[in-house]
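Presented below is the structure to which this report refers.
Keep in mind the model is a prediction, meaning the values are calculated, not measured. First the proteins, then the strands, lettered A, B, ... as listed; each starts at 1.
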2 protein chains.
Amino acid sequence: MVRIIDIRETTASMRADISNAYVNFSEMTTSVVAVVTDVVRDGRRVVGYGFNSNGRYAVGGLLRERFIPRIRHAAPEDLLDETGANLDPHRIWAVMMTGEKPGGHGERAVAVGTLDMALWDVVAKIAGRPLHRLLAERYRGGLADERVFVYAAGGYFQPGKGLAALQEEMRRYHDLGYTAVKMKIGGAPLADDLARIEAVLAIVGDGQALAVDANGRFDRDTALAYAEALAPYNLRWYEEAGDPSTTTSSRQWRRRTRHPWRPARTSSRCRTRATSSVMAGYAPIAISSNSTRSSATAWSNTCASWTCSARTSGRPGAASRTVATRWP
Amino acid sequence: MVRIIDIRETTASMRADISNAYVNFSEMTTSVVAVVTDVVRDGRRVVGYGFNSNGRYAVGGLLRERFIPRIRHAAPEDLLDETGANLDPHRIWAVMMTGEKPGGHGERAVAVGTLDMALWDVVAKIAGRPLHRLLAERYRGGLADERVFVYAAGGYFQPGKGLAALQEEMRRYHDLGYTAVKMKIGGAPLADDLARIEAVLAIVGDGQALAVDANGRFDRDTALAYAEALAPYNLRWYEEAGDPSTTTSSRQWRRRTRHPWRPARTSSRCRTRATSSVMAGYAPIAISSNSTRSSATAWSNTCASWTCSARTSGRPGAASRTVATRWP
């Protein structure tokens, strides 16, 4: 019978001198967790690792006060699958969410998702299978994607960063082998953003090699003004135009705009199963690494790809690498 | 120039042997904050107090790591109104939310709302005005409600609590002077809940003296089954039938059901301004004490009533007292 013998968590600094449309990363932190089991494989103790994507800060308080203690205090057999030979992330999710009110898409989902990531990691390691194959076997009839689309997410706003520095950054991604990049918009006026976009297009060539991300900055009118202005560039996608809570405005937007893209609802809005089901009606979903919970259950089909990406994109680079799967 | 000289926070146990449809309160905690100023009134230092309503646990980690430090590190003049003689909760809210991504309705809004409550408390004390009058003057042309509707929120599920104990509890509220009570449903099968409701109606008499709260427990079919079964009782309201994230199902429900009530969207769903504006289209909003942020800004009209309630309902009782203002 597998047992979790320890769960460790720590807060790591993600300090960087960059900004998106909302967040300055000078104080940014992330939670890192390790789920330690009593299983030994190839002479090494099996440990699962998880972290939360940057942008929402560490969630150490929640991990220490609620979610880790609930796993610790559970009967060990309540954490296992029916064979007893491996952990069951679904049953552990139920343990973690015991005593939790419905609703609340922010820190709580980040904390649970961080542990969920580590749990799926450890389950795959105990099973001796790459996680993308294990998930494909369980949820997708064994069909795993061996190749996934990855892109370099960068183009942040930085003090004194001009167009030349932006182009230099994008050239670096290109030299690393990326065929597509994403840049932040919304931290500058529209005209400036258009100049930034044109500068990047001069490097990457085709609009389909560039995506933009407003990080939820815009009200509806600004979002539409950007949509109009961006249309001629034929960009890959235009992400998080408005506040993630405003499904209504997104729906109106879809009705009003005739642009080639539909509003992209990203993982940052899809952190609960309820929200995921609401959002699923709206648009394609870009699954990124902070949506473990969604991807591991509601989005298990795409999760296989996400996981594959995590395993294939380990090369250190200046930008984090996320994956948009099955983008139309 | 007013200065905040300290902000203290602590976690208080709210441990109780009760449950609603989702949460067992045996581990429940709440954050309590005190905003200490350098102002002295009537020989006493002016301090504002806030706490978060029970059901969602303390948020000490977020308070200590993000929101209190941001206020502490801000330039003192950035926290003041234009006179410099009082604090400005709106400006302080902007300071607290610096570097925060949009979206995230759970713990973050609770943490900010807890501080927001203390800030409005201190602003009123510095102004030497009851808060309900101060808010009415600022946001409602001076029209303050001197009387508000209050009800006793109880009827929780407890081990071994039978109908007689439930009736005894409700009789106690009645003896305390309450003209309306609220009870939890959804922690038992429908038939059992109906027996509980009928037992309480035998005490309170009229259906308009009883509200029920499912705490977001039901899926759509169960919510509708309850709605059908509850209709003959002509209850005051039926609160949080489904998951707060599923606006779509709520909308469908409104379309499908012809019952006298509309789904009540409570404060637990209205913790960000964006959500509030989405929810405002749906139904009357019950403002409870954990929605300080919403009530203080988007819902300032109702907040005057909420505040009045906080000032008039100080009598200790077995149940927390919340206020439904302007219920149709």
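Within residues 12-19 of chain B, no residue has any heavy atom closer than 4.5 Å to a heavy atom of chain A. Heavy-atom proximity under 4.5 angstrom to chain A picks out B/Arg64, B/Glu65, B/Arg66, B/Arg70 from residues 63-76 of chain B.
Only the backbone of A/Ala58 has a heavy atom closer than 4.5 Å to any heavy atom of chain B.
A distance of 4.5 Å separates CZ in A/Phe218 from CD1 in A/Ile185, rounded to the nearest 0.5 Å. Once rounded to the nearest 0.5 Å, the distance linking CG of A/Asp193 with CG of A/Leu230 reads 8.5 Å. Here CH2 of B/Trp237 is found 9.0 Å from CG of B/Asp213. Values are rounded to the nearest 0.5 Å. With values rounded to the nearest 0.5 angstrom, B/Ile7 atom CD1 is found 6.0 Å from B/Leu115 atom CG. Between the CG atom of A/Asn20 and the CZ atom of A/Phe25 there is a distance of 4.5 Å, given to the nearest 0.5 Å. Residue B/Glu100 holds its CD atom at 8.0 Å from CZ of A/Arg56, rounded to the nearest 0.5 Å.
Around CD of A/Gln158, the count of heavy atoms belonging to other residues, nucleotides or ligands within 6.0 Å exceeds 12.
B/Thr30 places a side-chain N or O within donor-acceptor distance of the main-chain N or O of B/Asn52, the cut-off being under 3.5 Å.
Counting all heavy atoms, side chain and backbone alike, B/Val23 lies closest to B/Gly55 at CG2-O, 4.3 Å.
Between B/Leu62 and B/Val112 there is no side-chain heavy-atom pair separated by less than 4.5 Å.
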